Number of protein chains: 2
Amino acid sequence: MVSRLTAPRTRKAPAERRDEILRTAARIALGEGLELITVRRVAEELDVRPGLISHYFPSAEEMVSEAFSRAALGELETLLPRASGAPLERLRTFFRRSEGEGYLALSRLWLNARHTSRFRPRLQAAVEQQEGIMRDRLLDLVRDGVASGAFHCEDPMQATLEILVVIDGMGSYANASDRFWHPSLDGMMTRAAERVLGLQAGALQG
Amino acid sequence: MVSRLTAPRTRKAPAERRDEILRTAARIALGEGLELITVRRVAEELDVRPGLISHYFPSAEEMVSEAFSRAALGELETLLPRASGAPLERLRTFFRRSEGEGYLALSRLWLNARHTSRFRPRLQAAVEQQEGIMRDRLLDLVRDGVASGAFHCEDPMQATLEILVVIDGMGSYANASDRFWHPSLDGMMTRAAERVLGLQAGALQG
DNA sequence: AGTGCTATTGGTCACATGTCCAATAAACGT
DNA sequence: ACGTTTATTGGACATGTGACCAATAGCACT
């Protein structure tokens with residue numbers, strides 16, 4: 001009597017399998033980095049053979065790009081969900097969440113993608129698309145706030161870009177050990193936002 | 001009669017050879033990225049066998065880290081040389097140079113190093129060391145300016161960090177195609193510096 | 001129950017990487 | 001001129017990557 005040496009195949013609908021692959025890849029991207037997304041690694045996590053991954057993604061770069069988009073978009077929905085409450089409160093929520101652990105992983109992912117996109121055209125396109133989505137999302141928020149009188153600024157797009165630059169600047173340090181630290185680093189993002197949106201100091205904190 | 005198949009060996013002093021290797025690696029880092037620094041690639045550029053590179057750098061990561069330090073430090077000396085003229089003029093020179101082509105390569109290198117340092121402890125240490133050097137250099141400049149009355153700010157360290165965050169934020173976009181563009185992106189760095197240093201608008205431009 | 005479609009397997013292939021080592025030859029001192 | 005030191009070579013090895021493909025077997029439909 002021999003026990004089966006190979007587990008019975010589980011055969012899934014293409015759409016479901018594809019989604020499963022991307023979900024796994026996105027998780028790896030967020031937790032360990034885009035270069036850890038390999039055909040073999042994803043296959044192992046899903047307990048299938050590597051060839052199957054190649055079947056759904058003939059180009060590995062395509063898988064990595066889509067995984068990034070999925071991860072970035074998913075996190076954006078958590079950090080800055082579409083239209084939900086007053087602009088000031090929405091922004092406050094965003095900055096509050098940008099202190100959590102999940103945000104560090106997201107910052108690392110962006111850093112990862114922005115560098116890696118140098119060599120990967122499809123990833124570069126995905127990065128620019130996600131940047132556009134993030135920018136539009138924040139721009140809408142700023143405009144809403146200006147319209148309702150909560151924010152005050154002359155050029156909403158300029159205000160948006162100034163906030164994003166500070167966010168991305170702080171994100172540059174996501175992989176640094178925190179050997180260096182200075183009090184002013186803490187409120188850096190909120191201070192920038194308060195300034196360009198004509199809010200009083202501390203309006204976006206706590 | 002046979003022509004020699006192998007070129008005669010050129011035997012150099014260890015210090016010279018080591019320096020030659022690092023110079024080559026630093027050039028590759030700045031022009032093509034840290035991941036292009038491979039034992040074989042450097043060997044080819046110097047027209048020696050790969051084994052020789054391993055002889056001088058038993059660990060490839062060590063070579064990459066030192067190459068980054070060399071490249072970053074070299075560029076810093078060009079952009080923000082130690083004590084040379086009045087603070088305002090030195091800063092103006094820095095921002096003027098940060099529009100050139102070489103600066104784009106440097107921004108890419110920093111992005112590269114900050115991401116890659118996630119997986120390479122020695123590179124991470126090198127990045128933080130170079131960040132410290134850059135920070136100190138700028139902090140000295142700010143303090144000089146405040147002392148001479150050219151700049152006005154309450155906390156020189158905070159002013160320094162705010163400038164650096166904007167510089168690094170803009171650097172995040174170094175690998176993006178310039179499909180998106182907005183007028184406010186141009187003066188972003190100088191505007192931030194002018195603001196935190198109590199300068200009038202445009203004082204650091206042109 | 002039988003049949004066709006195709007998701008899935010298992011294996012191969014070419015390529016690039018870092019690391020290591022015995023043999024060689026260039027440069028130097030005697 | 002001869003030895004000695006050691007910089008340098010040439011090659012091997014293990015590992016990890018993406019890509020590719022014929023054969024297999026699960027599932028839906030008839």
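Note that the structure is predicted; figures quoted are calculated from it, not measured. We use all heavy atoms of the structure for the numbers below, so side chains are in, but hydrogens, waters and symmetry mates are not. Chain identifiers are assigned alphabetically (A, B, ...) following the order of the sequence lines, protein sequences preceding nucleic acid strands; residue numbering begins at 1 within each chain.
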Reading nucleotides 15-24 of chain D from the 5' end, what letters show protein touch, with B for base, S for backbone sugar-phosphate only, - for no heavy atom under 4.0 Å?
-> --BBS----B
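- In summary, A:Asp19 and A:Lys12 do not engage in a salt bridge, as defined by a charged side-chain N under 4.0 Å from a carboxylate O.
- Contact between the side-chain N/O atoms of A:His55 and the OP1/OP2 oxygens of C:dT8 is not found at any separation under 4.0 Å.
- At whole-Å resolution of the value, CD in B:Glu44 and P in C:dT17 are 10 Å apart.
- Taking atom CZ of residue B:Arg11 and atom C1' of nucleotide C:dA26, one finds them 5 Å apart after rounding to whole Å.
- Here the P atom of nucleotide C:dC28 and the NZ atom of B:Lys12 are 14 Å apart, to the nearest Å.
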Verdict with reasoning, A:Glu128 to B:Ser177, per side-chain hydrogen bond (donor to acceptor under 3.5 Å, both in side chains) = CA-CA 8 Å; A:Glu128 296 189 26; B:Ser177 71; 2.9 Å; yes
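- The distance from atom CD1 of A:Ile21 to atom C1' of C:dT8 is 11 Å, rounded to the nearest whole Å.
- Between B:Tyr56 and D:dA7, a side-chain N or O to OP1/OP2 separation shorter than 4.0 Å is absent.
- Put simply, A:Arg17 has a side-chain N or O that comes within less than 4.0 Å of OP1 or OP2 on C:dT8.
- Distance B:Glu20 CD to D:dA7 C1': 13 Å, rounded to the nearest Å.
- Between B:Gly202 and B:Glu194, the closest heavy-atom pair is N-OE1, 3.1 Å.
- Defined by atom type and a distance below 3.5 Å, a donor-acceptor pair is missing between the side-chain atoms of A:Thr38 and A:Arg40.
- With D:dT8, D:dG10, C:dT8 as the candidates, the nucleotide lying closest to the side chain of B:Arg49 is D:dG10.
- B:Leu52 places its CG atom 18 Å from the P atom of C:dT24, with the value rounded to the nearest Å.
- Judged by the 6.0 Å and 45° rule, B:Arg17 forms no cation-pi pair with B:Tyr56.
- What separates CD of A:Glu16 from C1' of C:dT8 is a distance of 15 Å, to the nearest Å.
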Going by atom type alone, with no hydrogens or angles, which donor-acceptor pairs under 3.5 Å involve a side-chain atom of residues 99-111 of chain B and a protein atom two or more places apart or on another chain?
unit_1   : atom_1 : unit_2   : atom_2 : d
B:Ser107 : OG     : B:Tyr103 : O      : 3.1
B:Arg108 : NE     : B:Ala174 : O      : 3.3
B:Arg108 : NE     : B:Asn175 : OD1    : 3.0

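- Rounded to whole angstrom, the span from the CG atom of A:Leu46 across to the C1' atom of C:dA7 amounts to 14 Å.
- We find that A:Glu44 and A:Arg41 are not joined by a salt bridge, their nearest charged nitrogen and carboxylate oxygen being 4.0 Å or further apart.
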